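Remember, predicted model here, so these are calculated numbers, not experimental data. So that the names make sense, note that chain A is the first sequence line, chain B the second, and so on, each numbered from 1.
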Amino acid sequence: MSEETPVGPPGGEVDLNFVMQARRDKLDALVNLGVEPFAYGFDRSHFAAAAVALMPPAIEGENAEGPKVRVAGRIVAWRAHGKTTFAHLMDPSGRVQLYFKKDQIGEPQYAVLDCFDLGDFIGVTGVLFRTRTGEVTVRVEEVQMLSKSLRPLPFGKEEVVDGVTVRHSAFSDGELRSRQRYADLAVHPEVRRLFRARSAMITAIRGFLNDIDYLEVETPVLQPLYGGATARPFTTHHAALDMPLYLRIADELYLKRLIVGGLERVYEIGHDFRNEGIDRTHNPEFTMLEFYEAYADYEIMMTRVEKLLVCAHGAVTRVLGEERNVTGVDGAKGEALPDFQPPFPRLDWLTTLSKAMGVPNVMELETGALAAAAEKVGVQKVGTLSRPKLLDELFQFHVESKIDTPTFVVDYPLELSPLAKPKRGNPALTERFELFARGKELANAFSELNDPLDQRRRFEAQAKLKAAGDDEASGVDEDYLRAMEYGMPPTGGVGIGMDRLFMYLTGTTHIRDAILFPTMRPE
RNA sequence: GACCCGAUAGCUCAGCUGGUAGAGCAACGGACUUUUAAUCCGUAGGUCGCGGGUUCGAAACCCGCUCGGGUCACCA
């Protein structure tokens, strides 16, 4: 059977294009040569970067040989010259050049190289040396196929111009990069680095909270009632219980139940789900940090937030460096991070907005006057907006969008803050703060409402809205009220969107740069 | 959800006022024992997103659909 019949292989695979067919042919050739194309392991002695670092600096006129190393990774560049071949091997640490010489590894092994492709995982053994141009290189004595790549990765070509790596024909389609994140990661070390930075940020935040005696907990994602925020939920159905369940829109109400239970400092880092539009700053599932602390008010929580941010910033900087130098999935260059150092400036909501609008006290304006002011700054359909919504729109336009460096805005009107305690000495306001930076909200926090009677009134107002068809409103959570009736200590609580925080700290502008597998329509 | 823009080879792109598809890289064959966007010679590779229409003729013009991007609306 020397003649291949190129029929579609069994198992439903069809239409192998010629590039992939060539790789299948090489796979067969390897098997025929007695080479196992999918190995079970490899005893690596060094990462690429560590191997390169083993070689002493180049000395003019000397051809020093280094120690023998065993390195493994993907083939990312291949330059065959007849009886010699140069390649680059990539692993998590970086890349190292390989030098294959027919005299060195022998005819049979050298022939196996014909079956190698970009993207294959191989392991090699050999001594280090420097090439004529001074690059530290492994002179391969033994090569092992570890895993044959049957589909070409979208490698671009790289050259270094004035110390800067320039890519040619790079994999740059933002949609494909997001859909096939594995390929994006495989060919873009900087994307791997970016997500390592995200991991470092989350780890640092955990460390920060753990160090001040916070307990990490897990609360239900599937909830019979949703609450803790205003948002449209995802609905699902439990078959055995034959009842609807909602994917949580916030962790808040369960975490505060734990405060009631005597776990005085709790936090959760997990996904919330909101059934809303997708754009560069919204993904239907996103990572939220919420933390609650008994006996703390919003003043204390502000200092927690400041320290947490410094900590997160430090972690990201340790991975990415001061200069960041991040290019987003949409090709946008990351912006430089403005300096920030606690204590962050504080603006109070009422005087800041009043001053920005040039009025003595914005709260004293009639709703009609608010609508007119909102319309003037470009808000649409002002007639349909409630008074709190109008205030919020005006605030967003006049204040929020203009805040660049991290700044706390404190003491929101009660009508804007249904979950916050009234402010001591001014019951028209609440003890609430939000942290803004680069025109975006980074944190939202308050002295938590712990009066169960007040809480019931607010739930009932929500229930009324829900009955009237507002699917962002929640119902009365009787179980939560029962918990609060047992007694809830004064508590400070904070919510911080991790994806948004990461975007801020890296200067990226697209949430796909913060989420490995963003939600997308199926292909 | 509304409006605007886009979809051409595995990747990155070109393709004029309609005349029947191109480049570089990747691939395949050949040469080459220190190259590095290796080089040189040669070859192959495309239902031009899908469906319909106009036309002698459509990648191009028109309509619809799918997917994506941007702006807006909702939101963290």
Distance between [atom1] atoms of [N] and [M] (Å, rounded):
N	M	atom1	answer
B:rG10	B:rA27	C1'	9 Å
B:rG68	B:rA21	C1'	24 Å
B:rC28	B:rA9	C1'	15 Å
B:rC63	B:rU55	C1'	16 Å
B:rC25	B:rC62	C1'	37 Å
B:rA23	B:rC40	P	16 Å
B:rG24	B:rU39	C1'	15 Å
B:rA7	B:rG49	P	8 Å

[X] (side chain) donor-acceptor with [Y] (main chain) under 3.5 angstrom:
X	Y	value
A:Thr137	A:Glu135	yes
A:Thr430	A:Ala420	no
A:Glu290	A:Asp251	yes

Looking for any heavy atom pair under 4.0 Å, which part of the strands does [X] touch: base, sugar-phosphate only, or nothing?
X	answer
A:Asp279	base
A:Asp499	nothing
A:Asn283	base
A:Arg139	base
A:Phe155	nothing
A:Lys102	nothing

Output yes when at least one side-chain N/O atom of [X] is less than 4.0 Å from OP1 or OP2 of [N], else no.
X	N	answer
A:Arg512	B:rG69	yes
A:Arg179	B:rG68	yes
A:Lys26	B:rC28	yes
A:Arg232	B:rC74	no

Minimum heavy-atom distance between A:Pro56 and A:Arg130, given as atom pair plus value: O-NH2, 2.8 Å
Ring pair (Phe, Tyr, Trp, His ring centres under 6.0 Å) assessment of A:Phe433 paired with A:Trp349: CA-CA 9 Å; A:Phe433 70 83; A:Trp349 190 94; over 10 Å; no
Gap between atoms [atom1] and [atom2], on [X] and [N] respectively (whole Å):
X	N	atom1	atom2	value
A:Asp117	B:rC11	CG	P	16 Å
A:Asp25	B:rC28	CG	P	10 Å
A:Met20	B:rC11	CE	P	12 Å

Polar contact flag, side-chain donor to acceptor under 3.5 angstrom, A:Glu431-A:Ser447: yes
No-hydrogen, no-angle side-chain donor-acceptor test under 3.5 Å, A:Gln21 and A:Asp25: yes
salt_bridge(A:Glu65, A:Arg139) N-O dist < 4.0 Å: yes
Salt bridge flag under 4.0 Å for residues A:Arg74 and A:Asp91: no
Flag side-chain contact, heavy atom, 4.5 Å: A:Met503 against A:Lys440: no
Under a 3.5 Å limit for both distances, which nucleotide forms a Watson-Crick or G-U wobble pair with [N], could you say?
N	result
B:rC11	B:rG24
B:rG18	none
B:rA44	none

From A:Thr352 atom OG1 to A:Lys402 atom NZ, the distance as rounded to the nearest 0.5 Å: 12.5 Å
Looking only at the side chain of [X] (C-beta and beyond, no hydrogens), which of the listed nucleotides [options] gets closest?
X	options	result
A:Arg280	B:rG70, B:rA26, B:rU33	B:rG70
A:Thr131	B:rC11, B:rU35, B:rG10	B:rU35
A:Phe86	B:rU33, B:rU35, B:rG10	B:rU35
A:Tyr99	B:rG69, B:rC11, B:rU34	B:rU34
A:His510	B:rU35, B:rG70, B:rG10	B:rG70
A:Ala22	B:rC28, B:rC74, B:rG68	B:rC28

Contact list for residues 272-288 of chain A, test salt bridge (Lys or Arg N to Asp or Glu O under 4.0 Å), sequence neighbours left out: A:Arg248-A:Asp272, A:Arg280-A:Asp330
N/O-N/O pairs, protein side and nucleotides 43-45 of chain B side, under 3.5 Å:
none

Upstream residue (5' side of RNA chain B) when A:His88 and A:Asp114 are each assigned their closest nucleotide: A:Asp114
Side-chain donor/acceptor contact of A:Thr84 with base of B:rU34 under 3.5 Å: no
Donor-acceptor pair (no angle test) under 3.5 Å: A:Glu135 side chain, B:rU34 base: no
What are the atom names and distances for every N/O pair under 3.5 Å that joins the protein to nucleotides 38-41 of chain B?
from	atom 1	to	atom 2	distance (Å)
B:rA38	OP1	A:Lys157	NZ	2.4
B:rA38	N6	A:Ala80	O	2.9

